[in-house]
Amino acid sequence: MAEEKAGSRPSWEEYFIGIAEAVSRRSTCDRAYVGAVVVKGKRILATGYNGSVSGLPHCSELGHEMVDGHCVRTIHAEMNAMVMAAKHGISIDGADMFITHFPCYSCFKALANVGIKRIYYKNAYRIDDKILDMGKALGMEFIKLS
């Protein structure tokens with residue numbers, strides 16, 4: 001086996017956010033390509049990307065369904081990751097989530113209720129102080145990755 005160059009191996013955080021970025025390429029809404037990875041004990045439990053309800057047409061096929069400036073045809077990546085875990089009977093209580101974008105208020109509330117402890121994100125998209133304050137009160141951490 002060839003020797004690895006010193007420092008070329010990604011940290012766990014770089015590894016998981018890189019996987020979230022790869023997952024985001026499956027997104028079917030071109031308004032934002034978002035990927036999410038649920039991790040516990042350095043093991044991937046579930047992934048999700050933003051797209052329509054399984055079996056129904058996507059934005060890439062029908063266009064966007066806009067309400068108040070937001071596309072509501074899609075289910076957010078974080079929600080899809082949580083749904084995937086639930087569908088397959090995987091507990092994500094106490095897990096971390098790696099997301100390409102800072103979560104919206106609705107996703108944050110669901111993440112808090114399922115027991116996500118740390119949220120790692122790369123893109124500071126619409127950071128809401130209300131989310132940061134609630135997360136702090138709940139003992140959650142938000143970690144911005146570069």
Side-chain angles (χ1 to χ4, degrees), residues 3-56 58-60 64-146:
E3 292 268 333
E4 285 188 24
K5 289 193 291 186
S8 66
R9 188 173 188 207
S11 69
W12 285 108
E13 290 83 8
E14 292 168 331
Y15 174 70
F16 291 126
I17 201 68
I19 293 170
E21 289 174 318
V23 169
S24 76
R25 293 196 297 271
R26 292 278 307 152
S27 297
T28 59
C29 182
D30 64 2
R31 290 179 50 82
Y33 294 93
V34 182
V37 178
V38 182
V39 175
K40 191 172 188 179
K42 296 183 179 135
R43 299 292 176 253
I44 296 172
L45 302 179
T47 65
Y49 55 86
N50 55 324
S52 295
V53 173
S54 295
L56 295 179
H58 296 281
C59 296
S60 57
H64 302 290
E65 183 182 340
M66 300 300 291
V67 175
D68 296 328
H70 299 280
C71 180
V72 296
R73 183 180 309 285
T74 62
I75 301 168
H76 290 185
E78 305 93 304
M79 291 288 191
N80 269 329
M82 289 184 280
V83 167
M84 179 184 182
K87 184 176 182 177
H88 296 287
I90 300 167
S91 172
I92 59 175
D93 186 29
D96 298 334
M97 185 167 284
F98 288 79
I99 318 167
T100 56
H101 294 67
F102 191 82
C104 72
Y105 189 47
S106 292
C107 287
F108 161 74
K109 292 184 290 183
L111 292 169
N113 267 6
V114 299
I116 296 295
K117 296 301 178 193
R118 278 178 297 278
I119 297 172
Y120 294 85
Y121 65 97
K122 188 165 185 180
N123 298 301
Y125 179 74
R126 297 184 182 179
I127 292 183
D128 185 338
D129 288 335
K130 174 173 50 180
I131 293 171
L132 295 173
D133 292 342
M134 289 175 72
K136 184 177 180 179
L138 294 168
M140 296 172 73
E141 292 180 67
F142 296 91
I143 299 131
K144 168 86 167 79
L145 300 173
S146 56

How long is the gap from OG1 on Thr74 to NE2 on His64, to the nearest 0.5 Å?
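Here the rounded value is 9.0 Å.
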Once rounded to the nearest 0.5 Å, what's the spacing between atom OG1 of Thr47 and atom CD1 of Ile19?
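The CD1 atom of Ile19 is 9.5 Å from OG1 of Thr47, to the nearest 0.5 Å.
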Could you check whether atom NZ of Lys109 has more than 12 heavy atoms from other residues, nucleotides or ligands sitting under 6.0 Å from it?
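Yes.
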Answer yes or no: does atom CZ of Phe142 have more than 12 heavy-atom neighbours from other residues, nucleotides or ligands under 6.0 Å?
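Yes, CZ of Phe142 has more than 12 neighbouring heavy atoms, counting only those of other groups under 6.0 Å.
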Intermediate values then yes/no, side-chain contact (heavy atoms from CB on, under 4.5 Å), Val38 and Met82:
CA-CA 8 Å; Val38 182; Met82 289 184 280; 5.6 Å; no
Pairing residues for Asn123 by the side chain to side chain donor-acceptor pair (under 3.5 Å) criterion, not counting sequence neighbours
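Once residues adjacent in sequence are excluded, Asn123 has no partner under the side chain to side chain donor-acceptor pair (under 3.5 Å) criterion.
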Can you name the residues that form a side chain to side chain donor-acceptor pair (under 3.5 Å) with Glu141, not counting sequence neighbours?
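For Glu141, no residue satisfies side chain to side chain donor-acceptor pair (under 3.5 Å) once neighbours in sequence are set aside.
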Restricting to salt bridge (Lys or Arg N to Asp or Glu O under 4.0 Å), what partner residues turn up for Glu21, sequence neighbours left out?
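Salt bridge (Lys or Arg N to Asp or Glu O under 4.0 Å) list for Glu21, sorted by chain: Lys122.
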What residue pairs, at least two apart or across chains, pass ring pair (Phe, Tyr, Trp, His ring centres under 6.0 Å) with a residue in residues 16-48?
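Passing the test, one end in residues 16-48: Trp12-Phe16, Phe16-Phe98.
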Side chain to side chain, Lys144 and Tyr121, heavy atoms closer than 4.5 Å
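Lys144 reaches Tyr121 side chain to side chain.
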Sub-4.5 Å side-chain heavy-atom contact between Ile99 and Leu111
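A side-chain contact exists here, since the closest heavy-atom pair is under 4.5 Å.
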What donor-acceptor contacts under 3.5 angstrom involve side-chain atoms of residues 125-135, with partners at least two apart or in another chain?
from	atom 1	to	atom 2	distance (Å)
Arg126	NH1	His70	ND1	3.4
Asp128	OD1	Lys130	N	2.8

Which pairs of donor and acceptor atoms, one on a side chain in residues 49-56, lie under 3.5 Å apart (sequence neighbours left out)?
from	atom 1	to	atom 2	distance (Å)
Tyr49	OH	Arg26	NH2	3.4
Asn50	OD1	Ser27	OG	2.4
Asn50	OD1	Val34	N	3.1
Asn50	ND2	Ala32	O	2.6
Ser52	OG	Pro57	O	3.0

